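So the structure is just underneath, and the comments pick up after that.
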Amino acid sequence: MKTILLVEDDDDIREIVGMVLEGAGYLVRMASNGQEGLLRLRELPKPDLVLVDLMMPIKTGYEYCCDHRADPECSQVPLIIMSADHAPTFENRSLKIDAFLKKPIDLQTLLDTVEALTNNLI
């Protein structure tokens with residue numbers, strides 16, 4: 001079973017996305033901010049993929065992504081950014097994200113993207 005780490009500060013979005021992913025057969029671990037997400041990322045076993053919101057308290061999604069990619073033990077874990085804001089352009093290259101999902105998230109696109117990244121199809 002593939003494990004997804006979902007880092008999202010909005011309780012409703014976190015719950016809905018988590019339920020959709022669990023319904024598709026993924027094990028979902030959750031965090032409500034970037035700092036908590038980094039702690040969960042470093043737990044064993046490592047997740048197969050991370051979904052992270054950009055605008056969060058305590059540690060933003062941008063800060064999370066920088067720390068995620070800088071950690072040699074975790075840097076290869078695929079990373080999807082979710083945001084209601086426009087898709088980051090320069091940040092995509094510097095943060096080395098694997099995909100961007102615009103909120104409100106299309107659930108089929110979410111599932112297709114997660115499946116592709118967890119099966120190394122992208």
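No experiment lies behind these values; they were computed from the predicted model shown.
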### Query
Would V50 and I4 satisfy side chain to side chain contact (heavy atoms under 4.5 Å, CB included), going step by step from the backbone distance to the final call?
CA-CA 6 Å; V50 177; I4 309 296; over 6 Å; no

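- With hydrogens and angles ignored, the 3.5 Å screen pairs a side-chain donor or acceptor of T113 with a backbone N or O of T109.
- Under the salt bridge (charged side-chain N to carboxylate O under 4.0 Å, His left out) criterion, D106 pairs with no residue, sequence neighbours left out.
- Every residue two or more places apart in sequence or in another chain was checked for a side chain to side chain donor-acceptor pair (under 3.5 Å) with E15, and none qualifies.
- Taking the side chain to side chain contact (heavy atoms under 4.5 Å, CB included) definition, one finds that S75 meets it with nothing, sequence neighbours left out.
- A distance-only check finds no donor-acceptor pair linking the side chain of D9 to the backbone of M56 [under 3.5 Å].
- Evaluation of the side chain to side chain contact (heavy atoms under 4.5 Å, CB included) rule for Q76 yields no partner, not counting sequence neighbours.
- In terms of the side chain to side chain donor-acceptor pair (under 3.5 Å) criterion, D10 has no residue partners (sequence neighbours excluded).
- Every side chain to side chain donor-acceptor pair (under 3.5 Å) that R40 has, sequence neighbours left out, goes to E36, E43.
- A search for salt bridge (charged side-chain N to carboxylate O under 4.0 Å, His left out) contacts involving D12 returns nothing, not counting sequence neighbours.
- The side chain to side chain donor-acceptor pair (under 3.5 Å) search around K2 returns none, not counting sequence neighbours.
- In this structure, N119 contributes its side chain and E115 its backbone to a donor-acceptor pair below 3.5 Å.
- Pairs of residues two or more places apart, or lying in two chains, that qualify as side-chain hydrogen bond (donor to acceptor under 3.5 Å, both in side chains) and include a residue from residues 44-57 are D53-K103.
- Listed by first and then second residue, the ring-ring contact (aromatic ring centres under 6.0 Å, His included) pairs involving residues 65-84 are Y64-H68 (not counting sequence neighbours).
- Hydrophobic clustering, defined by side-chain heavy atoms of Ile, Leu, Val, Met, Phe, Trp and Tyr closer than 4.5 Å, leaves L39 isolated from every other such residue.
- With sequence neighbours excluded, no residue forms a salt bridge (charged side-chain N to carboxylate O under 4.0 Å, His left out) with E63.
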